Amino acid sequence: MAITEERPPLELTSGDLPPVEVETLGVFHRPRSTHGWASWFTTVDHKKIGIMYGFASFFFLLVGGFEALLIRTQLAVPGNKLLSADLYNQVFTMHGVTMVFLVVMPLAAAFANYLLPLQIGARDVAFPRMNALSLWVWLFGAIFFNTSWFLGGGADGGWFNYAPNSGVVFSPSHGIDFYAVGLIIMGIGSTVSAVNLTVTVLNMRAPGMTLMRMPVFTWMTFIVQVLLVFALPVITVALLLLTLDRMFGATFFDASAGGDPFLWEHLFWIFGHPEVYIMILPSFGIASEVLPTFSRKPIFGYPFMVGSGIAIGFMGWGVWAHHMFASGMGPISVLAFSLATMFIAVPTGVKILNWMATMYGGRLRFTTAMLFSIGLVAMFTIGGLSGVTHAFAPMDTQQTDTYYIVAHFHYVLFGGALFGLFSGIYFWWPKIFGFFLNEKLGKWHFWLMILGFNLTFGPMHILGLQGMMRRTYTYTEGQGFNGWNLVATFGAYLLAVSILVFIWNVIRSYRAHRRNPVNPGPDPWDARSLEWMIQSPPPEHNFDEVPVVEDFDEFWHRKYGHDEQGRPVRIAATEDVVQKGDATGVHLPSPSYWPIVLAAGLPLIGYGVIFNLWWALPGVILMVAGIYGWVLEPSTDPSAGHGHDDDHHHDGDDSDAAALDEPADAGTADGDGEGVDADGSETAAEPEPAMATASAEAQDGGSK
Amino acid sequence: MTDVALEPMDDVEFPDDVHATSTGISNPKLAMWTYLASDCLLFGGLISTYLLYRNRPGNIPGLSGSDLRASELFNIPFTSMTSFILLMSSLTMVLAVNSAIRSDAERMRLWLVATSVLGAMFLGGQIYEFTEFVREGLGFTSNVSASSFFTLTGLHGAHVAVGVLMLLSATVYSMRRTLNAEAVETLGLYWHFVDIVWVVIFAIVYLIP
Amino acid sequence: MSATIDVDDDSPVHPGEHHDHGPSDGTYWKVFWALVFITALEVSTYFWDVWFGESSWTFAVPLLLLLMVVKFVLIASVFMHLRFDSKLLTRIFYFGLATACIVYLAALSVMNIFTDNGNPWFNDPPPAVTPSAVVTGEMPAGGMGG
Ligand code: HEM
Ligand SMILES: [Cu+2]
C-alpha cells in the first residue's frame, strides 16, 4: 500500500484574493475561557472531546447494561412474565443498537480522538471545530434515539432490523422511526469524524513520522476511519429508504408492493460486516500497545500487524452475505461468501500469533491493563473460532438465529472489543487524568468480569446448539434450556458487579488522589510511543516542541539502546527525554459555540420528520445559523491574545471551515502550500537519507 | 496577494515546520476528496436501488400501485438540455478557479455567479420534470420504480441545491473577506462531483432503457 | 484588481520557483467541447432504433457505458485536477469508486438482476402472475427464488 507521492500536489497558492478587514460576527461574544464547566461545551480541544466521548459512552454502557440485565432476568426461568413479548423485542433491540453505536464505537472514538494526535506528534486534529461537531452530533443523535422510550416505545426490529418487521404494519410504534433517523444523525457525526481523523493521520504527522513508524493503535484507528468513510454511506442509503418507507409512503422493502426485503439485508450487511471490524480493530490497536509495553519487547512483526489490519479492512468488504446464508440467495453466492469468510480468519489469526509472539520471552508485568489485553486475546480467539464454524454454510443453517450466534458475537464484541477498551482505560488513565486507578480493585474488576463474561456467554454456545432461538422472549419448561439459562443470568449479574467495582475504583482512586495527589509522571509504564513523552495530563498544546521522529517506538528508542545480544540498555533517563509541558505562546484554535449550535439542529429536524414537518423548521434555522456563524468566525479568535492580530496559523487548526464550504480565513491554502517544497511532501515517502542512516540500527521495531 | 504569508512569525508556534502537511496536500482538499469518495457509495447505493426496481411497477395483480414506470415518461431531449446546462456549469466553475488563481476577484465572482445560475437552471429543469411526472400520474408513492427514481434524482438535486447555496455564499464572502484560490478549487471539487454523478445518472438511468 | 499579475514571481515564499499550476482556460474549453460532443453522441443513441433499427441497441448500451466512463474520467482528471494533483487524491477517490462498483454489482447479481434466476421482473414486461400465487405467498420477492 504505497501512499508515497510520485507527483507533487498541485499548488494553487498564489491566488489569494485581496483581503478585506476581518470583523467578528455573531450575536454572542466569542467564548474565551478554556477552563470551568462551561468551557466543555465550546471546547475544540481533541483531548477534552475524547474525554467527553468516553464519559458519554460509559453512561450508555450503563443504559445498555441495564437493558441486558432485563433480558437476562426475563430469560432466567422458563415462562417468565417480567417482560411482555413486545417489550422484550424493544429491550433487546435497544440493547443491541446501544451497545454497538452508543458504546463500542464512541468509546473507540474517545481513544481515537485523545490519542491519535498525541501518537503522531500533532497539536490537534486537522479540523478541531469539526471534531467538536462530530461529538455533539453523535451525542444528540444518541439522546434523540433513546427518547423513543418516552415517545411510544423503542425500536423492536432487532439491531439489523429486517423487513418486513421494520415496516409500519409489523411495527406501528415510532421506535423504528427513531432507529432510522437517529442512526442517520449519528452517521453524519461519524462521517465527519472519520474524514477528520483520516486527514489527521495522513496530514498532521510530526516530521519523520512515516506511515510505517506509526504506532499500531494509530494504524488500526486509521483503518477504522477509512472503513467508516466507506461503510457509513451504505447504511445511510438503507436508513434513508427505510425512512421514506415508514414516513413518506414508499414501498422499498414492502414485498406486497413490489419492494424487496433482500435489498435491506444486503445494504445492512455491506455496512454491517465492515462495522464489526470497525468495532474490533481499535481494541486490537490497544492490545498492540499494551502487550509490548508490559512485555518490554517491541511488537512482534510490526509490518504483519499493520498488513493484516489492512487485509482485514479490505477483505471485510467481501464477506457480508455470510449473514444471509439462510435467506435462499442461491448456491453460488453461498459458496463464494463462505469461502471468503474462511479466508478472512487468516489475517485475524496472524494478529493473534503476533501478540503471543510479542509476549513470548518477554518480561511480563501483569497489570490490570495487561490482564485485560491478555483476556482480549484469549476471548477473541474463542469468538473467532466459533465465527469460523459458521463460515461453513451447512453448519450455519443449524446455528443461525440461535444463541450460538449470540455467543459468537459476544465473545468477539464483549470479550474482544470491550475488554480491549477496558485495557485502554486502565493503560491510559494515568496519562489522561494524572492519577492511577487502583490496581487491586482493577484486578477484582478484571477477574469478576472475565468470570461473569464466560458464565454468561459460554453456556450460550450449548443453548444455541440445543436449538434455543435468539430474540424469543421466553421458553418453556420442557425444552431443556433451564439450567444453562440460569447460569447465564447469574453471569450477567456478576458482570454488573464487575462494572460496579470499576465505578467504585474510579471514585476511590479519585478520592485518594484528591487527598494525596501523586502525579504518575509522564511515563508511568515505561512505554513506547510519543504520548508518554509529555506530561500527565498533557498540556493543552500537547507538545512543547513537535518531536522529530526517527524510529518506530520513537520514545522507547530515546530511552533505550541495545547491547550486543539485542537487550535493551538505558541510554537516557526518562526525565531527560520527556517534555516539560511549559511552552508558552503556542497558538491553539479558540473555542467556539457553533459546533454545538449546529448539532442541536439535527435532533429537532429528526423530531420534525417523525412527528410533524413544521417542527423541523427551528432545527433548520439553527443549522443554517450554525453553519454561517461557523464560516464567518475565524477559527482562532483574533483578539484572544498570544500577540498575534491576525488569524492565520498553522495548517490544520484554521482550515476547518474550508471543508464545509469556504474557508473562514486567509491562512489556509497559502499556509499549506508553503511548506510543501522541502519537507512537506517527503514525510509520507521514504525516510530522508540522513534519517535512514540514523535509524538503521533500530530496524528491530519491526523484525524482532 | 500574499501579504499574509509575509507576516513575521514573531512567536514561535511551530518551531520546525510551520505550515507543511505531511502529504503536502492541504487539509481541506484532502478532506473534500475523502468525502467525495464516501459519497460514491451513497450514490452507488441509490443507483443500485433504482436498477433493482426500475422494471417493477406494481401492475401485478394483487400488488398495489400504479403500472406506470418512470422510464416511460422520460423526456430525453429535455433532460439532454439540462444535462448540457450542468456540464456548462462545470466549465464556468473551472474558469472561476482559474480567475481566482490569477487573483482576479471580479472575474471569479462573475464565473461563480454564472455557475450558480446554471445550477439553479438545472434545478428548475428538475422541478419541471417532477411536476410533469406527477401530472401524468406518477407520484413518489405510485410504485417502487417511481420511488427509487425520485429518491435518486431528488438526492442529487439536493446536492445541487447545497452547491448553489455554497457558491452564492462564497461569492458574497469574497466581497467581504479574503477567499483564496484553493478554497474556490475545493468548492469546485464538490461541484464537479455533482456533475459527474449526473453523468452517470444520465447514462444509466435515462439513456439505457 | 482585475489586472492579471503573475504572483508566482513576486511571491515571497517561492522566489522564482516554478509551480505546477492547473490547466489553462484554453484547455478547459477544449475539454468542455469534447464533453459536449460526447454528450451529443450519447443522446443520439436515443434515436438509433429509429435510424438503424431495433438491433442497434446491442451496440448502444456498451457504447453508452464507455462514453459515460470517458466523460467521468475527463471531468475528474482535468476539471477536478486529479491528473495534475497528488496521486494520493486519485487513489482515495477511485478506491471509493471501485469499492462502490464492486460491492453494489456483487449485491445486484446476488439479487439476480442480471440473470433470470427466478427473478419475476427480469423479463420485460413482467410475466403475468396469477392473484392466487400472491395470496398463497408463492410470489418470490426479487431474487428469493434461488
Ligand atoms: C474470525 C473471523 C470471523 C468470522 C469467520 C465470523 C463469521 C460470522 C458469521 C458467518 C456470522 C453469521 C452467523 C449467522 O447469523 O448465522 C457472524 C455473525 C456475527 N459476527 Fe462474526 N465472524 C468473525 C469475526 C467477528 C468479529 C471480529 C466481530 C465483531 C467484533 C463479529 C461480529 C459478529 C456479529 C455482531 C454477528 C451477528 C450479527 C447478527 O446476526 O446480529 N464477528 N460472524
Ligand atoms: Cu460478518
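Within every chain, numbering begins at 1; the chains are lettered A, B, ... in the order of the sequence lines, protein sequences first and strands thereafter. For clarity, every value in this text was computed on a predicted model and none was experimentally measured.
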Review point. If only atom types and distance count, is the side chain of B:N98 paired as donor or acceptor with the main-chain N or O of C:P23 below 3.5 Å?
Key: yes
Exercise for review: For the pair C:Y104 (side chain) and B:T49 (backbone), establish whether a donor and an acceptor sit closer than 3.5 Å, ignoring hydrogens and angles.
Suggested key: no
Practice item. May I have the step-by-step check of side-chain contact (heavy atoms from CB on, under 4.5 Å) for C:L82 and B:W33, ending in yes or no? Key: CA-CA 10 Å; C:L82 276 185; B:W33 273 111; 3.5 Å; yes
Review point. Can you tell me how far NZ of C:K71 sits from OG of B:S83, rounded to the nearest 0.5 angstrom?
Key: 6.5 Å
Review point. Under a 4.5 Å heavy-atom cutoff, which of B:D195, B:L87, B:I47 has the most pairs with chain C?
Key: B:L87
Exercise for review: Would you name the heavy atoms of C:M68 and B:V199 that are closest together and state the gap between them?
Suggested key: O-CG1, 3.9 Å
**Study point:** Heavy-atom pair with the smallest gap, counting every atom of B:V94 and C:F79
**Key:** CG1-O, 3.6 Å
Check your understanding: Which class fits the ring pair C:F93 and B:F193: parallel under 30°, tilted 30 to 60°, perpendicular over 60°?
Key -> perpendicular
Review point. Heavy-atom distance under 4.5 Å to chain C: side chain of B:M93, backbone, both or neither?
Key: neither
Exercise for review: Take atom CZ of C:F47 as the centre, draw a 6.0 Å sphere, and report whether it contains more than 12 heavy atoms from other residues, nucleotides or ligands.
Suggested key: yes
Check your understanding: What's the shortest heavy-atom distance between C:M80 and B:L189, and which atoms?
Key -> CE-O, 3.3 Å
**Study point:** Shortest non-hydrogen contact between B:S48 and C:L108, atoms and distance
**Key:** O-CD2, 3.7 Å
**Study point:** Closest non-hydrogen atom pair, C:G96 against B:L41
**Key:** O-CD1, 3.7 Å
Review point. Relative to chain B, which of C:L64, C:L89, C:I75 shows the most heavy atom pairs under 4.5 Å?
Key: C:L89
Check your understanding: Considering residues, nucleotides and ligands other than C:F52, do more than 12 of their heavy atoms fall under 6.0 Å from its CZ?
Key -> yes
Review point. Quick one: NZ on B:K29 to CG on C:L88, what's the gap to the nearest 0.5 Å?
Key: 11.0 Å
Review point. Between CD1 of B:I208 and CG of C:L63, what distance do you get to the nearest 0.5 Å?
Key: 10.0 Å
Study note, to complete from the structure: Contacts satisfying side-chain hydrogen bond (donor to acceptor under 3.5 Å, both in side chains) that involve residues 28-38 of chain C (not counting sequence neighbours) are C:Y28-C:H81
Point to revise | Heavy-atom closest pair, residues C:A100 and B:C40 | key: CB-O, 3.9 Å
Practice item. Have a look at B:F84 and tell me which of C:V43, C:V36, C:L35, C:T39 forms a side-chain contact (heavy atoms from CB on, under 4.5 Å) with it. Key: C:V36
Study note, to complete from the structure: Rounding to 0.5 Å, atoms CD1 (B:I76) and OG (C:S44) come to a distance of 12.0 Å
Point to revise | Salt bridge flag under 4.0 Å for residues C:D25 and B:R107 | key: no
Check your understanding: So which part of C:I92 gets closer than 4.5 Å to some heavy atom of chain B, the side chain, the backbone, both or neither?
Key -> both
